[in-house]
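What follows is one structure encoded as structure tokens, with my remarks underneath.
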Amino acid sequence: MSDLLQLPPSERLALAIARWDSLDDEARVGALPLDSALCAELDRRWATHLNNPGGAVACDEVRSQLDARGPSPRFGPAAGAGGSTGNPALVRQALAGVGSWLR
């Protein structure tokens, strides 16, 4: 494990994604249990989408909006902590992963 943690971040991320992709649907469901409040919110959002699919925002538009906002402290070290105030590239990667999972 310590050898794996020495890999560059991009290689560690690729390894994590490959491990996640190796799981079947049943294993994925068990790997990330959702509480009832989150399940209810996801069901509500899905129903909203089914009732108005034209109201959806394309991933490219979300990415553009995120890029226009600039760095976010939620996705990186806090300002003044010796690092970036955020990383929109991580958000774009996460969105790309979610998009492939939803297909």
Identify each donor-acceptor pair in which a side-chain atom of residues 1-19 lies under 3.5 Å from a protein atom, sequence neighbours left out, and give them as a table.
{"unit_1": "Arg12", "atom_1": "NH1", "unit_2": "Leu5", "atom_2": "O", "d": "3.4"}
{"unit_1": "Arg12", "atom_1": "NH1", "unit_2": "Leu7", "atom_2": "O", "d": "2.8"}

Side chain to side chain donor-acceptor pair (under 3.5 Å) partners of Asp60, counting only residues at least two apart: Arg63
CD/Glu61: more than 12 non-hydrogen atoms of other groups inside 6.0 Å: yes
Compile the donor-acceptor pairs under 3.5 Å between side chains in residues 33-41 and protein atoms, sequence neighbours left out, one pair per line.
{"unit_1": "Asp35", "atom_1": "OD1", "unit_2": "Ala37", "atom_2": "N", "d": "3.1"}
{"unit_1": "Asp35", "atom_1": "OD1", "unit_2": "Leu38", "atom_2": "N", "d": "2.7"}
{"unit_1": "Glu41", "atom_1": "OE1", "unit_2": "Arg44", "atom_2": "NE", "d": "3.1"}
{"unit_1": "Glu41", "atom_1": "OE2", "unit_2": "Arg44", "atom_2": "NH2", "d": "2.7"}
{"unit_1": "Glu41", "atom_1": "OE2", "unit_2": "Arg45", "atom_2": "NE", "d": "2.7"}
{"unit_1": "Glu41", "atom_1": "OE2", "unit_2": "Arg45", "atom_2": "NH2", "d": "3.4"}

Arg28 and Asp21, any side-chain heavy atoms less than 4.5 Å apart: yes
